[in-house]
Amino acid sequence: DIATGITALSYYINEQGANTVYEDTLAMLYMQQNSYVQCYYWADKRLKVKPDDLVLMEMKGICLDKLNQPKEAITIFEKLYAKTQSPYHAYTLMELQYSIKRLAECLATANSTEKLVFKPEYTMTYNVGEQVGRTYLQAGIYNITGLTLYDLDKKAESKTYFERALALDS
């Protein structure tokens, strides 16, 4: 189980000393247990040795988001999105930007997604109260774009994006 793996790896890393390759594995195990403080610690530590590791960067960004540090998470996801051009990274970046009302930045990110290729298997889940829903990632991006435009008082444009999102879900 995960808890046993964490304990075993912790002992091993302690015996081996600094910068063992298993520190990233330990970060991943902590992430799987939603132990974001511990995951952040190990991912951040390992990024000092491997600053371009995309998996470590993503874990650090997720942890910052979960630890209510959206500005710091935005910085990480901006770097990730610039390197990967991943629709998932774009969506996460937009979600973070929108959450702290960085509307112009959110719209710029949305515009950059117009060039991305979205595959049908790119989906996301979301919660509405007790219910869990699932939609296409592109529909999620259209929704955030619509919300951003609505907040910028561009109601007609926002309606277009909401309609695009609905069209993908039907």
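In what follows, every heavy atom counts, from backbone to side chain, and hydrogens, waters and symmetry copies are set aside.
Atom-to-atom distance recorded for K83:NZ and L54:CG is 6.0 Å, nearest 0.5 angstrom. Of the inter-residue distances, the one linking Q16 atom CD with E23 atom CD reads 11.0 Å to the nearest 0.5 angstrom. Here the CG atom belonging to D65 is positioned 7.0 Å from the CD atom belonging to E95, to the nearest 0.5 angstrom. Considering CG of L166 and CD of E163, their distance stands at 7.5 Å, rounded to 0.5 Å. Atom CG of L56 is separated from atom NZ of K60 by 10.0 Å, given to the nearest 0.5 angstrom. To the nearest 0.5 Å, atom CG of residue L9 and atom CH2 of residue W42 are 9.5 Å apart.
Judged by the 6.0 Å and 45° rule, K79 forms no cation-pi pair with Y81.
Heavy-atom minimum distance, S99 versus P70: OG-CB, 4.3 Å. Pairing each heavy atom of A90 with each of T109, the nearest pair is O-CG2, 3.9 Å. Nearest approach of P87 to I141, heavy atoms of both residues: O-CD1, 4.0 Å. Closest non-hydrogen pair, E58 versus F77, comes out as O-CZ, 4.2 Å. Of all heavy-atom pairs spanning Y30 and S10, the tightest one is OH-OG, 4.2 Å. When all heavy atoms of L67 and V37 are compared, the pair lying nearest together is CD2-CG2, 3.7 Å.
Under the 3.5 Å distance criterion, the side-chain polar atoms of T92 are left unmatched by any main-chain donor or acceptor of H89.
The cluster map of Ile, Leu, Val, Met, Phe, Trp and Tyr, joined by side-chain heavy atoms under 4.5 Å apart, puts M31 and L26 in different clusters. Each of Y36 and I2 belongs to its own hydrophobic cluster when Ile, Leu, Val, Met, Phe, Trp and Tyr are linked at side-chain heavy-atom distances under 4.5 angstrom. Y40 and I6 are not part of a single hydrophobic cluster, where members link through side-chain heavy atoms under 4.5 Å apart. In this structure, I13 is not a member of the same hydrophobic cluster as V55, with clusters built from ILVMFWY side-chain heavy atoms closer than 4.5 Å. Connection of L29 to M59 is not established within any shared hydrophobic cluster, with ILVMFWY side chains joined at heavy-atom distances below 4.5 Å, either directly or through further cluster members.
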With side chain to side chain contact (heavy atoms under 4.5 Å, CB included) as the criterion, how do Q97 and I144 come out once you've worked through the C-alpha distance, each side chain's angles and the decisive distance to 0.1 Å? CA-CA 10 Å; Q97 290 166 331; I144 294 176; over 6 Å; no

Determine, stepwise, if the pair E78 / E105 fulfils side chain to side chain contact (heavy atoms under 4.5 Å, CB included). CA-CA 10 Å; E78 284 172 340; E105 290 176 29; 3.9 Å; yes

Dump the intermediate steps for side chain to side chain contact (heavy atoms under 4.5 Å, CB included) on T145 and L107, then the final yes or no. CA-CA 6 Å; T145 305; L107 207 50; 4.2 Å; yes

Go through the steps to decide whether Y161 and N143 satisfy the test side chain to side chain contact (heavy atoms under 4.5 Å, CB included), and finish with yes or no. CA-CA 7 Å; Y161 280 93; N143 273 322; over 6 Å; no

Could you walk me through whether Q138 and Y142 pass the side-chain hydrogen bond (donor to acceptor under 3.5 Å, both in side chains) check? CA-CA 6 Å; Q138 191 170 21; Y142 287 158; 3.0 Å; yes

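Atom CD of E114 sits in a crowded spot, with more than 12 heavy atoms from other residues, nucleotides or ligands closer than 6.0 Å. In the displayed structure, K101 atom NZ is contacted under 6.0 Å by more than 12 heavy atoms of other residues, nucleotides or ligands. More than 12 heavy atoms of other residues, nucleotides or ligands sit less than 6.0 Å from atom OH of Y98. Counting heavy-atom neighbours within 6.0 Å of K71 NZ, excluding the residue itself, gives a total of 12 or less.
Two rings, from Y22 and Y12, have their centers less than 6.0 Å apart.
In this structure, the side chains of L80 and S86 stay at 4.5 Å or more apart for every pair of heavy atoms. With a 4.5 Å cut-off on side-chain heavy atoms, I74 and L93 count as touching. Within the 4.5 Å cutoff, no side-chain heavy atoms of Y126 are placed close to those of V132. Looking at heavy atoms from C-beta onward, T135 lies out of side-chain contact with L168 at the 4.5 angstrom threshold.
Here K50 does not pair with D52 in a salt bridge; the nearest charged N to carboxylate O distance is not below 4.0 Å.
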